[in-house]
**Student:** 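Sending over a structure as C-alpha cells; questions will come in a sec.
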Number of protein chains: 2
Amino acid sequence: MRITSSIEYATRLMTALARAHGGEPVAAERLAESDNVPADYVSQILLKLRRAGLVESRRGSAGGYALSRPPERITLSEVVRAVDGDVFEDVCEKYDSGEKNCRHQDACSISPVWRGLGEAVTRYLESVTLASILDGSAGSCGAAPRWLEAMNAAAGRKK
Amino acid sequence: MRITSSIEYATRLMTALARAHGGEPVAAERLAESDNVPADYVSQILLKLRRAGLVESRRGSAGGYALSRPPERITLSEVVRAVDGDVFEDVCEKYDSGEKNCRHQDACSISPVWRGLGEAVTRYLESVTLASILDGSAGSCGAAPRWLEAMNAAAGRKK
DNA sequence: CCATTCCCGACGGTTTTAGTCAAGAATGGC
DNA sequence: GCCATTCTTGACTAAAACCGTCGGGAATGG
C-alpha cells in the first residue's frame with residue numbers, strides 16, 4: 001500500500017497546471033523542470049491524463065498542456081485513477097484458486113472489507129480538488145469537517 | 001494501490017484463528033489448507049504476525065498458533081501493519097531530490113493530502129476487528145454508521 | 001530418541017515500477 | 001515550402017517489489 005511515483009508526479013503536474021489555468025498552455029519540459037519530475041517521464045504521464053480527459057494538449061511552437069476543466073472541478077480521485085487504474089480492485093479474483101473460491105469460504109466475509117476500504121479511499125480522494133490543494137485547504141489540517149460532511153452525505157444517499 | 005497477497009493471506013489466517021479462539025493452537029499446515037494459502041508461505045506470514053505480538057506460538061507435537069488477544073481486540077490495522085509496514089509512509093522522501101525539495105515547492109501542499117489519506121485508511125482499518133469480520137458486520141453494508149461514529153470520535157479528540 | 005512443529009535466513013522467478021529512447025506527426029513562424 | 005518546436009507513441013531496460021520455495025535448525029512432547 002503505497003503512493004507510486006506516477007501518482008505523486010501526476011498530482012504535481014496537475015497542481016502546476018491548475019496554477020497556470022487560464023493562461024497559455026505549458027510545455028511538458030517546463031513542467032518537468034518546475035516540478036522536479038524526470039523529463040522523459042512527464043510525457044508518459046501526461047498522455048494518460050489526456051486519455052482520461054483531464055488535460056488537453058496542443059502541438060507546435062506555442063503548444064503545451066492545459067487543464068480541460070477548472071481546478072475546482074477536478075478531483076484527486078480522477079487523477080489517481082487516470083494513472084493507476086481503479087483503487088483496490090480485483091482482490092478476490094487474484095488470490096483464490098481451485099474450487100474453494102471466495103464465495104465458499106472465509107474470504108467471503110473479508111471481501112466486503114476491502115470493498116469498504118476502497119470506497120473510503122475513493123471518497124477521500126473525491127473530496128480533494130486541485131483547487132483545494134492550491135489554496136492549502138486539502139489534507140489533514142482543515143479537512144476533517146469536510147470529510148464528515150462528505151460521509152454524512154454519502155450515508156444519507158444510502159449508497 | 002492494491003491489497004497485496006500478504007495482506008489478504010494474513011487477514012484470512014487471523015480470521016481462521018479468531019474462529020478457533022479459545023480452543024487448541026492450530027498448526028500452520030492446517031491453516032494453509034483451510035484458507036487456501038500456499039503452505040510454505042504461511043509460516044512466513046505467521047512469523048511476522050507473531051513478531052508484531054498478534055499471535056502466540058507453541059512448538060512440538062501439539063503446537064501451533066493462537067491469537068494473543070480476543071478477536072474483539074485485534075483490528076485489521078494491526079494486521080496490515082504487521083505484514084506490510086505503515087500505510088502510505090515516506091512519500092515525500094522518496095520522490096524528491098536536489099535542492100528544490102518538498103518543503104520548497106508545490107509538493108508542500110500535496111504531502112498533507114497523502115498524510116490525510118493514510119489517516120483515513122488507518123481509521124477505517126481500525127474500525128474493523130476480527131470479531132466484526134467473523135460476524136459479518138464488517139464492510140460496506142452495515143459499517144457506515146460505525147465509521148461515522150469512529151470519525152466523530154476522532155474529530156472529537158482533536159487528533 | 002523420534003516425530004512433530006515452529007524458526008528463520010537465503011534464494012529465485014515473475015511481475016510491476018520507473019525511467020529512457022527514438023521515430024514520427026502536428027503546428028506555427030519565416 | 002522549410003524549419004524549429006512540441007506533442008505522440010510504442011519499445012526497451014534496469015531495478016525493485018512481490019510471491020513464494022527450500023533447507024537446516026531448534027524446541028517440545030511422547
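From a predicted model like this one, the values you see are computed outputs, not experimental measurements. Numbers restart at 1 for each chain; the letters A, B, ... are given by sequence-line order, proteins then strands.
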**Student:** How would you label the contact of A39(A) with the nucleic acid (heavy atoms, under 4.0 Å): base, sugar-phosphate, or nothing?
**Tutor:**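 Touches nothing.
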**Student:** In whole angstroms, how far is the P atom of dT17(C) from the CD1 atom of I45(A)?
**Tutor:**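 Spelled out: CD1 on I45(A) to P on dT17(C) is 13 Å.
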**Student:** Measure from CD on E8(A) to P on dG19(C) and round the result to the nearest Å.
**Tutor:** 11 Å
**Student:** How long is the line joining CG of D40(A) and C1' of dC7(D), in whole Å?
**Tutor:** 13 Å
**Student:** Which comes earlier along DNA chain C counting from the 5' end, the contact point of S43(B) or that of G60(A), where each point is its nearest nucleotide?
**Tutor:**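 Looking at DNA chain C, the more 5' nearest nucleotide goes with S43(B).
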**Student:** Taking only N and O in the side chain of R2(A), is any of them less than 4.0 Å away from OP1 or OP2 of dA18(C)?
**Tutor:** yes
**Student:** Can you check whether any acceptor in the base of dT4(C) is under 3.5 Å from a donor in the side chain of E29(B), or vice versa?
**Tutor:** no
**Student:** Let me spell it out: for each of R59(B) and M1(A), pick the nucleotide of DNA chain D with the closest heavy atom. Which residue's pick is nearer the 5' end?
**Tutor:**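 Here M1(A) is the residue nearer the 5' end.
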**Student:** Just to be sure I understand the rule, does A62(A) reach a base, reach only the sugar-phosphate, or reach nothing, if contact means heavy atoms closer than 4.0 Å?
**Tutor:**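 No contact.
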**Student:** Starting at CD1 of I45(A), measure out to OG of S5(A) and round the result to the nearest 0.5 Å.
**Tutor:** 6.5 Å
**Student:** Could you please name the option among dT21(D), dT8(D), dC6(C) that lies closest to any side-chain atom of S57(B)?
**Tutor:** dC6(C)
**Student:** Please report, rounded to the nearest Å, how far the P atom of dT4(C) is from the CZ atom of R30(B).
**Tutor:** 13 Å
